[in-house]
S.K.: 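Dropping the structure in here first, questions after.
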Amino acid sequence: MSRIERITKDKQIIAVVCNQVGDTGKGKITDILAASWADIIARGTGGNNAGHTVVINGKQRIFHLLPSGIVYSNQGKTSILGNGMVIDLRVLCGELDELDREETSYNNLMISEDAHVIMPYHIERDKAKNESQKKGGIGSTGRGIGPCYTDKIARRGIFIRDLFYTYKLVEKIKKATEFYPDIKISVEQIVEELKPYAERIKPFVRDTISEMHKSVRMGKKILLEGAQGLLLSIEFGTYPYVTSSDCSINGTAAGVGLSARAVDLPLGIVKFPYMTRVGAGPFPTEFGGRDSEVYCADGLEHNVNFELEHYRIPFKLINGELKYDHHHLKILELMNSDNPFLQGVGIRLAGAEYGATTKRPRRTGWTDLVALKYAIGINGPDIVLTKVDVLQGAEQIKLARRYTYAHSESVDNFTRKDEALRYMDPIYNIFEGFSEDISQIRDHKDLPSGLQQAIKFLETHVNGRVRMISTGPEQKQVIIK
Ligand code: IMP
């Protein structure tokens with residue numbers, strides 16, 4: 001039995017969802033399962049607010065809309081953009097162009113006729129509303145996601161299938177002018193702009209819900225690729241600092257035409273032993289607390305170039321890509337600093353924690369087990385730990401096991417109430433750090449003892465089962481437990 005079969009044996013539908021605030025490395029885990037197991041890879045929620053990074057044969061690719069399994073089309077695998085998604089046609093066609101340039105086939109792509117279309121006025125509204133996170137905006141990705149889902153819920157959204165009936169499209173855009181009085185909408189211009197994109201995707205548009213049901217009956221192996229994370233879910237996240245879809249196992253399954261009950265194995269991804277958040281919203285374990293939140297809200301002003309220059313860390317630009325030693329002595333010094341803000345900067349640099357979609361610096365903090373226990377209550381007990389190699393050189397590892405509320409009451413239940421969550425102070429369990437390179441380890445018993453103890457503690461504390469541990473960006477850098 002291959003290593004991965006220990007996980008996939010007897011499974012027909014596996015979902016990869018995130019148990020934190022997104023950016024946990026779902027792309028890599030999906031990629032492993034897409035390459036070695038799945039027949040079908042389907043996405044059910046969100047749009048190009050996501051950025052799924054995969055490293056294949058040393059080359060990094062970032063997908064925003066297409067499921068990352070698209071690179072296996074030439075092996076006859078099917079990729080589906082599901083009914084729960086919101087699709088920016090220009091971005092989708094751009095990703096298809098890129099596949100054309102790389103001569104990667106995508107004959108087996110299916111786009112749900114029931115997915116919704118992100119219109120130019122959605123993007124304009126989103127950007128205007130979120131002009132400044134510092135002025136109280138939630139810091140969205142500015143891709144029009146929120147306004148598009150708003151129109152869907154208000155029953156005036158535009159389906160992919162509407163693109164092929166001009167009268168319907170015109171009627172719906174005309175109606176939109178009522179709801180976007182502040183935005184100049186030229187119906188004819190939008191229809192003309194959408195036409196070539198619509199023609200381009202037409203061969204791939206299907207009733208994907210029926211296709212999905214057929215595939216289930218045929219016994220095909222189906223991989224659901226989640227987007228964002230549980231704490232960003234409109235249903236379960238830290239509202240209003242959330243995205244506009246339900247990115248839990250429920251929304252992910254519904255978004256491809258299935259029930260969560262149909263999923264044999266939901267795998268919840270957890271960045272460990274640190275985690276990140278982009279955009280505004282409560283983050284109890286954040287290094288440097290409010291100072292870090294405000295600093296990261298400056299977005300591109302504090303991007304990776306700025307931080308490398310500011311902290312005098314040498315870097316090179318190779319083919320437009322920034323290269324630096326993630327374990328450079330200066331980064332380790334920051335990571336082990338007594339100043340929590342600097343510690344956060346060090347971990348951000350060590351983990352290259354800058355948005356795949358927006359390039360914004362991600363806020364960093366220790367992994368929060370109170371929040372994880374809550375996430376497991378929804379997404380189930382099976383967990384994958386990712387980016388575990390990043391903290392090589394950290395003298396200590398901490399995991400938040402409880403909070404104290406307003407310096408007195410001890411709390412071990414997660415709360416979605418923003419005003420309360422902002423006053424929670426984490427209580428940590430401390431474990432010994434590690435200095436060795438763990439990226440080649442394939443058996444968890446060979447991990448440094450501090451890490452092993454921290455993993456054991458996590459499992460017991462949240463009542464979860466760690467199934468895989470990712471120790472580097474490449475597919476093979478993974479421990480199957
Ligand atoms: P929206 O999804 O663009 O509406 O943004 C809403 C919130 O979700 C913002 O705080 C974003 O930073 C966050 N967000 C959206 N997509 C992602 C993602 O893929 N990873 C992490 N955060 C995300």
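Quick caveat: nothing in here was measured; it's all calculated off a predicted structure. As the structure lists them, so they are numbered: ligands from 1, and atoms in each ligand from 1.
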S.K.: Below 4.0 angstrom from a heavy atom of A50, which ligand 1 atoms are there? Numbered from 1 as shown, please.
M.R.: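 So the answer, numbered in order with elements, is 19 (O).
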S.K.: Any N/O of D23 closer than 3.5 Å to an N/O of ligand 1?
M.R.: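 Yes, there is a polar N/O contact under 3.5 Å.
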S.K.: When rounded to the nearest 0.5 angstrom, what distance separates OG1 in T243 from OH in Y149?
M.R.: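 The OH atom of Y149 is 7.0 Å from OG1 of T243, to the nearest 0.5 Å.
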S.K.: Provide the closest heavy-atom pair for G146 versus S244 in the form atom of the first, atom of the second, distance.
M.R.: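 For G146 versus S244, the nearest heavy atoms are CA-OG, 3.3 Å.
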S.K.: Less than 4.0 Å is my threshold; does some heavy atom of S244 fall inside it relative to ligand 1?
M.R.: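 No heavy atom of S244 comes that close to ligand 1.
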S.K.: Between T471 and Q477, is there a side-chain donor-acceptor contact under 3.5 Å, judged purely by atom types and distance?
M.R.: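 Side-chain D/A pair, Q477 to T471: absent.
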S.K.: Who's the nearest protein heavy-atom neighbour of atom 23 (C) of ligand 1, and how far?
M.R.: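 Here the closest protein heavy atom is L232 CD1, 3.6 Å.
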S.K.: At less than 4.0 angstrom from any non-hydrogen atom of V21, what atoms of ligand 1 do you find?
M.R.: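 Atoms satisfying the 4.0 Å criterion: 21 (C), 22 (N).
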S.K.: Does the N or O separation between D126 and ligand 1 drop below 3.5 Å for any pair?
M.R.: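 No; every N/O pair is 3.5 Å or more apart.
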S.K.: Whether the D151 and Y180 side chains hold a donor-acceptor pair (N or O, under 3.5 Å, no angle test) is what I'd like checked.
M.R.: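 Yes, Y180 and D151 have a side-chain donor paired with an acceptor closer than 3.5 Å.
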S.K.: How close does the nearest protein non-hydrogen atom get to atom 16 (N) of ligand 1, and which residue and atom is it?
M.R.: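 Checking every protein heavy atom, the shortest distance to atom 16 (N) of ligand 1 gives Q228 NE2, 3.1 Å.
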S.K.: Taking atom types as modelled, is there a side-chain donor on S68 or E225 under 3.5 Å from an acceptor on the other?
M.R.: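 The answer is yes; a qualifying pair exists.
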S.K.: What protein heavy atom is closest to atom 6 (C) of ligand 1, reported as residue, atom name and distance in Å?
M.R.: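 Nearest neighbour among protein heavy atoms for atom 6 (C) of ligand 1, to 0.1 Å: V242 O, 3.4 Å.
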S.K.: In terms of atom number and element, which parts of ligand 1 are under 4.0 angstrom from non-hydrogen atoms of V278?
M.R.: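 Heavy-atom distances to V278 below 4.0 Å select 10 (O), 12 (O), 21 (C), 22 (N).
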S.K.: Under 3.5 Å, is there a donor-acceptor pair between the T238 and R277 side chains?
M.R.: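 Yes, because at least one side-chain N or O of T238 sits under 3.5 Å from a partner of the opposite role on R277.
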S.K.: In terms of residue, atom name and distance, what is the protein heavy atom nearest to atom 11 (C) of ligand 1?
M.R.: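 Among all protein heavy atoms, the one nearest atom 11 (C) of ligand 1 is G139 O, 3.6 Å.
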S.K.: To check your reading of the model: name the closest protein heavy atom to atom 2 (O) of ligand 1, its residue, and the distance in Å.
M.R.: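 Nearest neighbour among protein heavy atoms for atom 2 (O) of ligand 1, to 0.1 Å: T243 OG1, 2.6 Å.
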S.K.: Give yes or no for whether the N/O distance cutoff of 3.5 Å, strictly under, is met between R143 and ligand 1.
M.R.: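 Among all N and O atoms of R143, none is under 3.5 Å from an N or O of ligand 1.
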S.K.: Heavy-atom distances under 4.0 Å decide this one: backbone, side chain, both or neither, for K26 against ligand 1?
M.R.: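 None of K26 does.
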S.K.: List for me each residue that meets salt bridge (charged side-chain N to carboxylate O under 4.0 Å, His left out) alongside E211, sequence neighbours excluded, and say none if there are none.
M.R.: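 E211 satisfies salt bridge (charged side-chain N to carboxylate O under 4.0 Å, His left out) with K214 once adjacent residues are dropped.
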S.K.: For residues 382-392, pull every pair meeting salt bridge (Lys or Arg N to Asp or Glu O under 4.0 Å), keeping only residues two or more places apart or in separate chains.
M.R.: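 Those involving residues 382-392 are E353-K387, D382-R465, D382-R467.
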S.K.: Polar-atom distance check: G51 versus ligand 1, any N or O pair below 3.5 Å?
M.R.: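 No: no nitrogen or oxygen of G51 is under 3.5 Å from one in ligand 1.
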S.K.: So if I apply the side chain to side chain donor-acceptor pair (under 3.5 Å) rule between Y403 and each of D412, D368, T285, N413, which one comes out positive?
M.R.: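 Single side chain to side chain donor-acceptor pair (under 3.5 Å) partner of Y403 among D412, D368, T285, N413: D368.
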S.K.: With heavy atoms of I138 as the reference, note each atom of ligand 1 found under 4.0 Å away.
M.R.: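 Those of ligand 1 that fall under 4.0 Å from I138 are 6 (C), 10 (O).
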S.K.: Between ligand 1 and R277, can you find any atom pair, the residue atom being a heavy atom, that is separated by under 4.0 Å?
M.R.: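 The answer is no: ligand 1 sits nowhere under 4.0 Å from a heavy atom of R277.
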S.K.: Rounded at 0.5 Å granularity, tell me how far CZ in R90 sits from CG in L65.
M.R.: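 R90 CZ to L65 CG: 10.5 Å, rounded to 0.5 Å.
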S.K.: Give the residue, atom name and distance (to 0.1 Å) of the protein heavy atom nearest atom 3 (O) of ligand 1.
M.R.: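 Result for atom 3 (O) of ligand 1: T141 OG1, 2.6 Å.
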S.K.: Starting from atom 4 (O) of ligand 1, locate the nearest protein heavy atom and write down its residue, its atom name and how far away it is, to 0.1 Å.
M.R.: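 Looking only at protein heavy atoms, the one closest to atom 4 (O) of ligand 1 is S140 CB, 3.7 Å.
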S.K.: Run through R362, K271, R363, Q20 and flag the one making a side chain to side chain donor-acceptor pair (under 3.5 Å) with T276.
M.R.: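 When side chain to side chain donor-acceptor pair (under 3.5 Å) is applied between T276 and each of R362, K271, R363, Q20, only K271 qualifies.
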